[in-house]
Structure formats: C-alpha cells, structure tokens
Amino acid sequence: MRGIAVTTIGILMTMCAATAHADVVTDWNQIAIDMLKAANIAVNPWSRSMAMVHVAMSDSINTVQGRYASYTAKLPAAPNASAEAAAVSAARHILIQLVPAQRAKIDEAYADSLARLPDGAAKNDGITLGERVAALVQADRSTDATNVPDTYRPITMPGVWIPTQPPSFAEYAQAKPWGMKSADQFRPGPPSPLSSALYARDYNETKDLGGAKSATRTAQQTEAVRFWTTGNFLPSWNQVARQLSAAKGLGLAENARLFALVNMGIANNYICDWDAKFHYNRWRPVTAIRNGDQDGNDATERDAGWTPLNATPMHPEYPSSAAIVAGVSSGVLESVYGTRSLQILTVTDSADSRLQRQFNSIEQMAEEQRMVRIWGGIHFRNSLEVSEQMGRKLAEHLLSNIMTPVR
C-alpha cells in the first residue's frame, strides 16, 4: 500500500506505539533532526551531523554496557554510570558544537531528558562520560576534510560557456568516510558507454517518463516525485527506524548501534558518492537529452526543449545518492528486522505533516525512492541499479566491521 492519505486513527496508533517503546536514542534522534531543521542544515552536512550524534550516543552507552565495540578511542569501562545519562549528555554536546544557535532549545530538551532519570552518582558519572565521548567524536571528525575551502575547478575550454553556480559540496569527494579506508573503497566501475544499447534504453526511459510534460508518467508517480524532495529522503530512514525499533522493542545498546550504523551509512553515501560523481563527471539527463544528436548513438533522438520534472541537482549524475541511501539504509535495517516488515511504515513530509506515504516493507520504500529519480527526470536506471548495490556493499561493510558485538 502506498499513498499520502492516512487515517487519524492510524496516525494515533503509530504515535502511541512509538511513545510506549521510546528510549533516549529515539528521543534524541528526533531532537537532532528538529535542531538541524531549525538551523537549516541539510544534505551532506546533515548526514555528517546525524552520524556524529549517534556514534557519540552508541559509544557512550557501550562504555557503560559493553555490548558492542566503540567507534572512537576506547575509554575505561564505566559499568556504574547511567547509560541513558551518558547518551543524552553526548548528544547534547555534539549538537551544541554543530548548531550553537539552537543551544537554548537543546538545553531545554536536555533538562527534560535528565529530569526523567533518577538523581545520584550514576547519573552524574553518565553526564561526565557523555561529555568525554562527545569530545572524542568531535576530535575524530575535526580533520575529516568536510569543511575545507571549495576549490572545485570547472572543466571547460576557452570560450565555451558552462554553468557558473558551483556544484553542491564538491569538497565531500575528498572527505574522510566513517569506518572505511578511503572514499573510493567501493567506487563502482564506469557508467554505460554512450554508444551502448543499455544507455539508449535508459536515455529513452527517462526522456519518456521524466519530462516536465510527460504524457506517460502517471498522476501517482508525479505525486511520489513531489513528495520525495531532498528534505524527505534522509529523515525518512530515521522515521522508519524509529517505527521498527518501537515495534520490536530493541534494547538500549542495540538501538544505539542500529541508529549509529544507519546514519554512518547515510554519511558515507555523501562521501563515497561524491568521490565517484566527480571522478566520472557524468552528464545529467537534461544535458544528455538536449544533446542526443551528439552522443554517437542512433537510438537516442534529441529533444531540444526537454526539461525534467525535478530541478536538476548541481552535481554529476553517476552514481545516485538517493539509491545509495536507500541501499545502505535498507541493508542495515534488514539485518535487524529482516525483509518482511513488522508493520506498515509511514513517512511524514518534513515540511507539511499532513502529507504522508505508507509502505508494506523496507524494500518497497527503497524502490520508490529509486524510481522517483527516473520519474523526476534526473537519473538513468543503470545508475540507480549500480548505486543500490553500492549502498548494499556499504551496509555489509559497516555491519561486519563497525561496532561489532563483544559479548
């Protein structure tokens, strides 16, 4: 089942279920999303911020409980500290560093969280521990090259016009990934040759379905494209992670690891994808279709006035960030919940809570996120297929090597 219409009873049932099983990890997942939204932080920096918050919480909890290996440098075990207080303290300190203008709201949420925990030495020790772990995470990411100056050099030739708006966050192509040797560790092979039958297939599909004036795209597909804006892609996976966590009732350490891996995977997408994008520098459909007579392929007829339904992002086409995010998030979540959904998954629009979509499974949601990039006219199918597998490889790597069980 898909769509934006959800009954009030259904919404209330979902909210009640989430409330019944909420813990500090899911609480601060939502708090972090709210604070980043208030600070107008999105896409690449958003993914980095969410990974920092959740790695700090997971490492804090496991310094107390010792269930999973820490990502940052190990601190002495603190079995007598409050794991909840440590997680809350770590999340607060990370967010204050990332969005200092939101400090008053962060501190308000922090005070509310601490008020729910019993006073005493365990709580105090947990607060101190969280501060120490947050400092370690901040130190680890201080040299990750995500804040270096933008020195992207447009490739052109004298006298030839190119777009003058700089690409989005080109510096992430050289950034330090999470738990990987390098950004090109899972770089895919090159995109299909322009002269190939595969390229012609993808060209004509996107040209037909993704144009602003497409007569083939259905109203339901157009509705899906409109919903899956950049602002909904990343928070959506945290939304469904909270719903699945509530349905299964994960323990604190398990929950912390799950959210850390999901958000590390999303953050790695914006590093590994940007590495490949700027390595291959593949043209977008709007450029390709308006220049169909220049690609050496007789099966790609030019459309001089073609425009996509979606605005074309300011970075190369191959691979697809949306498909990598879907692949890595699905891989991590399915490792815990399997491929059959425990419940209907509901995603709420980040800007308008009246707009929602529902899915019967993790894969159904991932598939729609991939397909809207064709229906919106900004990607080719082969790019999405390659990117989905790239995301799966990222998930497998994280699950096998990062925050692994210690007992």
Side-chain angles (χ1 to χ4, degrees), residues 19-36 49-100 102-142 178-179 238 241-242 245-246 249-264 402-407:
T19 301
H21 297 283
D23 61 20
V24 294
V25 173
T26 54
D27 286 346
W28 279 82
N29 174 265
Q30 184 62 63
I31 291 166
I33 290 173
D34 291 343
M35 295 303 106
L36 296 175
S49 300
M50 289 294 288
M52 290 179 68
V53 168
H54 284 287
V55 167
M57 285 200 287
S58 184
D59 278 5
S60 296
I61 290 166
N62 282 294
T63 301
V64 177
Q65 296 188 353
R67 295 291 306 281
Y68 299 98
S70 294
Y71 180 82
T72 51
K74 297 192 68 172
L75 293 172
N80 297 321
S82 164
E84 290 85 356
V88 169
S89 174
R92 170 186 179 263
H93 279 81
I94 292 290
L95 285 172
I96 285 175
Q97 291 296 317
L98 294 173
V99 285
Q102 303 303 314
R103 179 163 188 159
K105 293 180 180 178
I106 294 168
D107 282 343
E108 182 180 350
Y110 177 66
D112 181 67
S113 292
L114 289 184
R116 304 177 188 213
L117 302 176
D119 291 331
K123 181 176 180 178
N124 294 335
D125 289 347
I127 292 171
T128 301
L129 173 61
E131 294 174 2
R132 294 179 65 189
V133 171
L136 290 173
V137 173
Q138 288 162 347
D140 177 73
R141 303 316 295 182
S142 64
W178 294 82
N238 283 272
R242 291 196 302 270
S245 171
L250 289 185
L252 187 65
E254 290 78 10
N255 223 21
R257 178 179 187 257
L258 175 70
F259 278 86
L261 292 181
V262 166
N263 285 288
M264 291 168 80
I402 306 301
M403 297 178 176
T404 53
V406 296
R407 62 181 175 92

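Bear in mind the structure is a predicted one, so any value in this text is a computation, not a measurement.
- Judged by distance alone, with hydrogens and angles left aside, the side-chain atoms of Lys123 form a donor-acceptor pair with the main-chain N or O of Leu114 at under 3.5 Å.
- Atom CD1 of Ile33 is separated from atom CG of Asn238 by 4.5 Å, given to the nearest 0.5 angstrom.
- Here the side chains of Gln30 and Asp34 are in contact, with some heavy-atom distance below 4.5 Å.
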Audit row: Asn263, Val53, side-chain contact (heavy atoms from CB on, under 4.5 Å) steps and yes/no: CA-CA 9 Å; Asn263 285 288; Val53 168; over 6 Å; no
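- Residues Leu250 and Asp23 come closest through the heavy atom pair O-OD2, 4.5 Å.
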side-chain contact (heavy atoms from CB on, under 4.5 Å) evaluation trace for Ser58 with Tyr68: CA-CA 9 Å; Ser58 184; Tyr68 299 98; 5.7 Å; no
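- Side chain to side chain, Thr72 and Asp140 fail the donor-acceptor criterion of an N or O pair below 3.5 Å.
- Atom CE of Met50 and atom CG of Leu98 lie 11.0 Å apart (nearest 0.5 Å).
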Worked check of side-chain contact (heavy atoms from CB on, under 4.5 Å) between Met403 and Asp59: CA-CA 9 Å; Met403 297 178 176; Asp59 278 5; 3.9 Å; yes
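- Contacts of Asp125 classified as salt bridge (charged side-chain N to carboxylate O under 4.0 Å, His left out), with partners at least two apart in sequence or in another chain: none.
- Relative ring orientation between Tyr71 and Trp178 is described as tilted, the plane-to-plane angle lying within the 30° to 60° band.
- Considering all non-hydrogen atoms of both residues, Ala56 and Val133 come closest at O-CG1, 3.5 Å.
- Counting non-hydrogen atoms of neighbouring residues, nucleotides and ligands closer than 6.0 angstrom, the NZ atom of Lys105 reaches no more than 12 such neighbours.
- Between Gln102 and Leu95 the shortest side-chain heavy-atom distance does not fall below 4.5 Å.
- Here the shortest heavy-atom pairing between Ala81 and Gly126 reads CB-N, 3.8 Å.
- The list of salt bridge (charged side-chain N to carboxylate O under 4.0 Å, His left out) pairs with a residue in residues 77-97, not counting sequence neighbours, reads Arg92-Asp107.
- For the atom pair OG1 (Thr63) and CG (Leu136), the distance works out to 8.5 Å, reported to the nearest 0.5 Å.
- The heavy-atom pair separating Leu129 from Ser60 by the smallest distance is CD2-O, 3.8 Å.
- Contacts of Ala69 classified as side chain to side chain contact (heavy atoms under 4.5 Å, CB included), with partners at least two apart in sequence or in another chain: Thr404, Val406.
- Here the closest heavy-atom approach between residue Ala83 and residue Leu252 is recorded as CB-CD2, 3.8 Å.
- Residues Ala134 and Ala90 approach most closely at CB-O, 3.8 Å, considering heavy atoms.
- Interatomic distance, OG of Ser49 versus CD of Gln97, reported as 11.5 Å (0.5 Å rounding).
- Although no hydrogens or angles enter the test, the distance criterion places a donor-acceptor pair under 3.5 Å between the side chain of Gln138 and the main chain of His93.
- The shortest side-chain heavy-atom distance between Ile94 and Val55 does not fall under the 4.5 Å cut-off.
- Checked against Arg242 for a side-chain hydrogen bond (donor to acceptor under 3.5 Å, both in side chains), the options Asn29, Asn255, Thr26 give a single hit: Asn29.
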